[in-house]
Amino acid sequence: MLFLNNDDSARGTEEFRTLRSRLYHLREKMPLKKLLVTSALPKEGKSFTSSNLAQVMVRQHGRRALLIDADLRAPRLHTMLGTTSDPGLSDYLLGKNDEFSIMQRGPLENLFFIPSGTGAADPAELVGNGRLKVLLQRVEPLFDWIIIDSPPALPVSDASVLAKVCDGVLMVVRSNVTPSDIARKARQEFPDQALVGVVLNGTREDAVPYARYYYESYQKKSTTTKA
């Protein structure tokens, strides 16, 4: 949790500000409010990324963000934020609770959180039952950003189902851990227009400038190819 202790010099804080800036630039070109954060495999840093991204969004004055833990199989956000997991998303999807009874105030001003909820027997069927779309339609006018943490894209189908109700997908890959063929396969789970970016997580401190240079070069090549 990089932004809860007001240490603006902590490693990673500037990278999240850069990510925030890039997302705002993208928003000038396309509708982008509901953002799904996923990864190819477990333990690549998607929950770390989604939670800190939500925090850096509300560090801007007047911005409101909603963080949703839609990983009904292995939820972690409630532990990271030091709160409870229920009632939450699964309880809403089952029709047991309304949207406001599952929403918690986060640790920062204007940050709100919907935890995963009570354990679900069939998460894939639950996230695809249509009620999530209704939830997002109801709460979207209240927030500047809605950031949804999903299960990894390859082991289960949940992420591709969740992506259909979001404006864009941010994929997290872990440096020197995620196999390149696995990352490419996970990327194919989403339409070209859905994937708005890739976060390279877990880089060495001395490799950060090179990673940024690579990312910018990749962006230029992608833009040229698409044009």
Side-chain angles (χ1 to χ4, degrees), residues 1-4 16 34-58 65-108 111-136 138-139 143 145-166 168-174 177-178 186 189-190 199 201-202:
M1 300 293 98
L2 298 177
F3 298 93
L4 298 185
F16 273 101
K34 303 183 294 293
L35 183 66
L36 186 75
V37 180
T38 189
S39 60
L41 300 171
K43 299 182 179 180
E44 294 186 291
K46 64 177 182 60
S47 297
F48 165 79
T49 300
S50 59
S51 58
N52 282 290
L53 180 58
Q55 291 170 50
V56 77
M57 289 301 187
V58 300
L66 174 63
L67 177 63
I68 301 177
D69 193 343
D71 189 346
L72 305 184
R73 299 170 187 271
R76 295 189 63 232
L77 288 180
H78 66 282
T79 302
M80 297 170 74
L81 295 173
T83 184
T84 58
S85 62
D86 62 272
L89 180 60
S90 63
D91 302 288
Y92 177 89
L93 298 179
L94 288 168
K96 296 179 180 179
N97 291 75
D98 63 21
E99 60 268 29
F100 296 110
S101 66
I102 63 172
M103 194 180 298
Q104 305 176 7
R105 285 190 174 273
L108 296 176
L111 176 60
F112 294 80
F113 173 54
I114 293 179
S116 60
T118 309
D122 194 342
E125 293 294 328
L126 200 55
V127 297
N129 69 5
R131 285 184 58 83
L132 178 59
K133 183 177 181 179
V134 175
L135 170 65
L136 295 176
R138 289 180 176 176
V139 302
F143 298 98
W145 290 94
I146 298 175
I147 298 170
I148 302 174
D149 184 43
S150 88
L154 287 184
V156 292
S157 63
D158 305 31
S160 59
V161 174
L162 290 164
K164 294 176 182 178
V165 295
C166 294
V169 176
L170 192 65
M171 182 170 291
V172 179
V173 296
R174 192 165 187 85
V177 173
T178 310
E189 293 290 313
F190 309 102
V199 172
N201 184 39

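Just so you know, these numbers use all the heavy atoms, side chains as well, and skip hydrogens, waters and symmetry mates.
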Handout entry: Separation of Arg138 CZ from Arg131 CZ (nearest 0.5 Å)
Key = 7.0 Å
Exercise for the section: Check for a donor-acceptor pair, side chain of Asn129 on one end and backbone N or O of Leu93 on the other, with a separation under 3.5 Å. Expected result: yes
Handout entry: Residue pair Leu67 / Trp145, side-chain heavy-atom distance below 4.5 Å
Key = no
Problem - Validation row: Pro115, Thr84 side chains within 4.5 angstrom (heavy atoms) - result: no
Exercise for the section: May I ask you to decide if Pro151's main-chain N or O and Thr38's side chain share a donor-acceptor pair within less than 3.5 Å? Expected result: yes
Exercise for the section: With the side chain counted from C-beta on, respond yes when Leu89 and Leu126 share a heavy-atom pair under 4.5 Å apart, and no when they do not. Expected result: no
Fill in the blank from the handout: Here the gap from Asp98 atom CG to Met103 atom CE, rounded to the nearest 0.5 Å, amounts to 9.5 Å
Fill in the blank from the handout: In this structure, CD1 of Ile148 is separated from CG of Leu132 (nearest 0.5 Å) by 6.0 Å
Handout entry: is_close_aromatic(Phe112, Phe100), centroid dist under 6.0 Å
Key = no
Exercise for the section: Check whether any side-chain heavy atom of Leu136 lies under 4.5 Å from a side-chain heavy atom of Ile146, and answer yes or no. Expected result: yes
Exercise for the section: Flag the pair Ser47 / Met80 as yes when at least one side-chain heavy-atom distance between them is below 4.5 Å, and no otherwise. Expected result: yes
Problem - Over all atoms of both residues, closest heavy-atom pair of Gly88 and Ile102 - result: O-CG2, 3.4 Å
Problem - Any donor-acceptor pair under 3.5 Å from Ser90 side chain to Thr118 backbone - result: yes
Exercise for the section: Please tell me if the side chains of Phe190 and Met171 come closer than 4.5 Å, counting only heavy atoms from C-beta onward. Expected result: yes
Handout entry: Gap between atom CG of Leu111 and atom CD of Gln104 - 0.5 Å precision
Key = 10.5 Å
Fill in the blank from the handout: The residue among Pro75, Ser50, Ser116, Ser51 that forms side-chain contact (heavy atoms from CB on, under 4.5 Å) with Asp149 is Ser50
Exercise for the section: Can you measure from SG (Cys166) to CD1 (Ile147) and round to the nearest 0.5 angstrom? Expected result: 11.0 Å
Problem - From CG (Leu162) to CG (Leu36), nearest 0.5 Å - result: 5.5 Å
Exercise for the section: Report yes or no: does Asp71 contribute a side-chain atom to a donor-acceptor pair with the main-chain N or O of Arg73 at less than 3.5 Å? Expected result: yes
Handout entry: Non-hydrogen side-chain atoms of Val199 and Phe48 separated by less than 4.5 Å
Key = no
